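To keep things clear, I will list the structure first and then write my remarks on it.
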Amino acid sequence: MWKWWYTAAISSIAGLLCFLNSLSADFVYDDSRAILKNSDLLPSTPWSNVLFYDFWGTPLTHSGSHKSYRPLCVATFRINFYFGELNPFGYHLVNVLLHSTVCWLVVALSYIFLPAHFPCTVAGLLFAIHPIHTEAVTGVVGRADIGACLFFIASFLAYIKSHKFTTNNSQLREVHTQWLWLVFCFLLCTASMLCKEQGITVLGVCAVYEVMVLLSHVKNQTNFAAISMAVKNGHALRLLLVITTGLALLLLRICMMGSQPPDFSPSDNPAANCDSRQTRLLTCLFLPAFNFWLLLSPKTLSFDWSMDSIPLVESLLDPRCGVIIAFYGTLALLGLYCLKSLVFHLNVEETVKDTSSQKEHAVKRRKDLAEKNGKKHVKKSTDNAKHSNGIYSNQQQSNNKLPMRDFSVTNKTCWIKTTLISLAILTLSFLPASNLFFYVGFVVAERILYIPSVGFCLLIAVGADIIWKACNEQQLRLFSGFLVCLLILSAARTVERNWDWQNEEALYRSGITVNPAKAWSNLGNVLSSQGRTREAENAYRKALTYRTNMADTHYNLGILLAERQQYSEAIKSYENAIHYRPRLAAAHLNLGILLADLGHKEEAVKILKNASTISGHGLKDPKQHSHSITSIKYNLGRILAQLGKPKEALTVYFEAVKTMPAHYEPHSLFNLIGEAYSATGKYAEAEKWYKESLMSKPDHLAAHLTYAKHLAKLGNFNEAEHWFKKAQVLNKSDHASWTHYGQFLFDQRRLTEAATMFTKAMKLAPHDFEIAFTAAGYLREIGDYERAESCYKKAVKLNPQNPVAHMNLGAMLHLQGKLNEAEMSYTRALELRPGDQLTQENLKKLRTLQAKRKV
């Protein structure tokens, strides 16, 4: 016999197959901040952080927190990290398996309200393969929605289960079992809320179900009798418990978020920040209709719908106002019709049951009488009595040529109840995202529709069941073909959309038509990280043609231009970023560093001093901001030290130590403090901070080198050499470990070893002019003129405008008797630096030698 769990298994497998290609996807979009940059996943972070930090790793009480309290979901991420660290396969696998489990629960829920295989199969398969679920399943952060949905349905099923112990006399149990299921329902609701905020709305669905059960018990009774029965049978108490639990969870949620709503930028939700009340109202009314359209026709999907992707509804004459009226009018009429019909059909159903009971009793009496009298016409009477039980006669069915027998009172009641529950799930679970109670930080987010789609799929299943039962044999074939085509197209669209989520480049390219500004900007970041700088620059500039005020885009463009040595344009981009977002600390930081590198140190100091006082209040990412502020102080101190102001540098360094966040790695800062103390002659303090740096990061190469140089300055040459060698062991591919050791050996007059160190460094850094030039000088010192000549030639090639390199190359050629080549080098050096006395003297000697040779 066909069991309901066969349908559940088919739906789960369909969901698994549709999202199978998502297992090879990378971390994309929001995954970066929630997974890759979230320190709450690290084993070194206390588990308690999960309870007091938001979904993105920010303290809930911070003014810039997103206020997304989802500790249960973050805990699953942490478990994923424990087993597979940052391998995306494990994270995607868990999401797909959770989706398959939810498909199973959707079918289980369907069979409770639609106890027939066909509609439950439609509901289960449609939910399993719906394209709107791609973002929730393929995007790792969508696990919050999947987990919330899983516990949402489980909570509702537990609530339904708690009624069975009081309404089914054949399975009557102890009263405490009923309350255990009720408590289990509330615990599952809490778990759903701890996965995502909208999970709490399951209590609203439970309340709707309770009212439906109450209506089925108070047929044809007065209001007073109905209230008395509600109190007597526990319905009122159950409703009170549902409301009380909901309020308690809501208060807990408000307390955890610090009793403050989150702040969002105008670009996240333009309607929420519009000055016109009419525009705000009309747009917020239109957005639920737009979301419902995405459920109906998920042809156009996007990773982000912010930044005016959906134009504001500013006038009553806007055609979309007609959509608003039609959408809410249809919902209201459908809801009212179902409520009215439910009461009517429940009463009719009770009347039919009473009539059937009376007739069955009459038949039984006749049968007993017939057996007693030995009459043979009893069977005919019984058949007639059974025939009279139906709502429609066989004559009526044959006239209509449709299987109208399926439109019984019981079927109609079932459809009405399912429709009401579907509407409750669809509307109530969407309420937190509707901007009705508070403004949210998005316009449309496809993963938000994961729970509402349960109600949508049940609603479609009801419609399909009604049509199915109204069709004749020929129409059934056509309708079946239509449903199969619909399911195949949905599955194909889901698979296609999964490929968009395989990597960030594909995802952002797919969103260009919906949100070009955000898509081009994010695409620029991806292309830049791949080294495709020309394409990245074009992407950034295209993004800015749509929205010129995107500070992040200006900032990222500045980084790209600085890397390509387009310094003036980079400075302009940083200044634009600061103009559009004055509190973007990272832009101040990079601008200051770039100016210092270009020799404008005083100007850099002024910019960094002003930036070091920027407040992080209300910012989205306080961790990044606090890290940037510490980096600003770090670089400010470094530049002051370069300007010969070590005492001022120390003041700034200690301020950075005092205010640095817990996630900031301090080893470089401690190392600079050691260097500043060394510059002021406080060697004991310097050694202390060098050791602090090495303790905080034992493999810190710079600290090894600076500590070694410190020991050499104190005359501890053997120990210094030991630390230089340790630095080389740490990182043999870093040229700094070879050059610093080489300089130490040169100071010790171990010239051959010094030259060897710099020769190796040249191989590691073939484009470094200073290394090549120094190596040539050391080789010259040991009399290896041929190799010295080669190194000078390389130095000249690396920096053709350096007169000293040309002069030294000329001297090297001069010493080897290559007079014509030497003359050319001297001449070039004088062109670059006219009147240089040393070069002129060397050139004069060379020409004298040339004259003698000619004689």
Side-chain angles (χ1 to χ4, degrees), residues 4 71-72 101-102 104-115 147-218 226-255 342 346 414 417-418 420-429 431-432 451 454-455 458:
W4 71 267
L72 199 54
T101 306
V102 174
W104 187 286
L105 290 177
V106 168
V107 172
L109 182 64
S110 303
Y111 269 92
I112 291 176
F113 294 98
L114 292 168
C149 186
L150 188 150
F151 290 115
F152 183 103
I153 300 175
S155 176
F156 187 38
L157 290 173
Y159 193 85
I160 295 171
K161 188 76 172 175
S162 72
H163 269 286
K164 289 187 176 181
F165 295 105
T166 56
T167 59
N168 192 340
N169 291 329
S170 64
Q171 297 181 359
L172 192 61
R173 305 287 178 87
E174 296 291 335
V175 176
H176 72 268
T177 307
Q178 168 195 353
W179 295 109
L180 283 176
W181 276 105
L182 199 58
V183 170
F184 189 46
C185 162
F186 295 150
L187 289 175
L188 289 169
C189 169
T190 305
S192 182
M193 187 189 75
L194 294 179
C195 283
K196 193 159 188 176
E197 297 77 12
Q198 66 186 133
I200 195 175
T201 56
V202 68
L203 294 177
V205 179
C206 292
V208 172
Y209 180 78
E210 188 65 38
V211 172
M212 287 171 50
V213 174
L214 175 61
L215 289 175
S216 66
H217 288 171
V218 295
I227 294 172
S228 299
M229 180 174 287
V231 174
K232 181 180 178 181
N233 291 349
H235 297 293
L237 178 58
R238 293 168 68 91
L239 279 173
L240 180 62
L241 285 173
V242 168
I243 294 170
T244 304
T245 303
L247 290 174
L249 291 176
L250 191 60
L251 287 173
L252 174 65
R253 179 70 178 78
I254 292 171
C255 290
L342 178 63
L346 285 173
C414 179
K417 287 181 178 180
T418 310
L420 282 173
I421 290 298
S422 301
L423 289 174
I425 296 173
L426 182 64
T427 56
L428 294 177
S429 64
L431 278 180
I451 298 179
V454 176
L458 285 173

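What you see is a predicted model, and the numbers here were worked out from it, not measured in a lab. This chain uses plain numbering: 1 for the first residue, then up along the sequence.
Atom CG of Leu187 and atom CG of Leu182 lie 10.0 Å apart (nearest 0.5 Å). Between atom SG of residue Cys189 and atom CZ of residue Phe151 there is a gap of 11.5 Å, rounded to the nearest 0.5 Å. Within the model, atoms CG of Leu431 and CD1 of Ile200 stand 12.0 Å from one another, a figure rounded to the nearest 0.5 Å. Taking CG from Leu203 and CG from Leu239, the interatomic distance works out to 11.5 Å, rounded to the nearest 0.5 Å. Note that the CG atom of Leu247 and the CG atom of Leu252 stand 12.5 Å from one another [nearest 0.5 Å]. One distance of note links SG of Cys206 with CZ of Phe186; it measures 7.5 Å at 0.5 Å rounding.
The minimum heavy-atom distance linking Val242 with Ala207 is given by the pair CG1-CB, 4.3 Å. Heavy atoms only, all atoms of each residue included: Thr427 and Leu423 are closest at OG1-O, 2.6 Å. Minimum heavy-atom separation, Leu237 to Trp179: CD2-CH2, 3.7 Å. When every heavy atom of Ala148 is checked against every heavy atom of Cys195, the shortest pair comes out as N-CB, 3.5 Å. Considering every non-hydrogen atom in both Thr418 and Cys414, the closest pair reads OG1-O, 2.7 Å.
Legend: salt bridge (Lys or Arg N to Asp or Glu O under 4.0 Å) pairs involving residues 149-160, not counting sequence neighbours: none detected.
In this view, Phe184 and Trp181 satisfy the ring-ring contact (aromatic ring centres under 6.0 Å, His included) rule, not counting sequence neighbours. With sequence neighbours excluded, the residues that form a salt bridge (Lys or Arg N to Asp or Glu O under 4.0 Å) with Glu210 are Arg238.
A donor-acceptor pair under 3.5 Å links the side-chain atoms of Ser162 to the main chain of Tyr159, judged by distance alone.
At least one side-chain heavy atom of Leu458 sits less than 4.5 Å from a side-chain heavy atom of Leu109. Ile160 has its side chain within reach of Phe113: a pair of non-hydrogen atoms, C-beta onward, lies under 4.5 Å apart. Side-chain atoms of Val102 and Val106, non-hydrogen and from C-beta on, do get closer than 4.5 Å to each other. The closest side-chain heavy-atom distance from Leu157 to Ile112 is below 4.5 Å. In this structure, the side chains of Phe156 and Ile421 come closer than 4.5 Å at one or more pairs of heavy atoms.
Among the candidates Leu105, Leu188, Ile451, the single residue satisfying the side chain to side chain contact (heavy atoms under 4.5 Å, CB included) test with Leu150 is Leu105.
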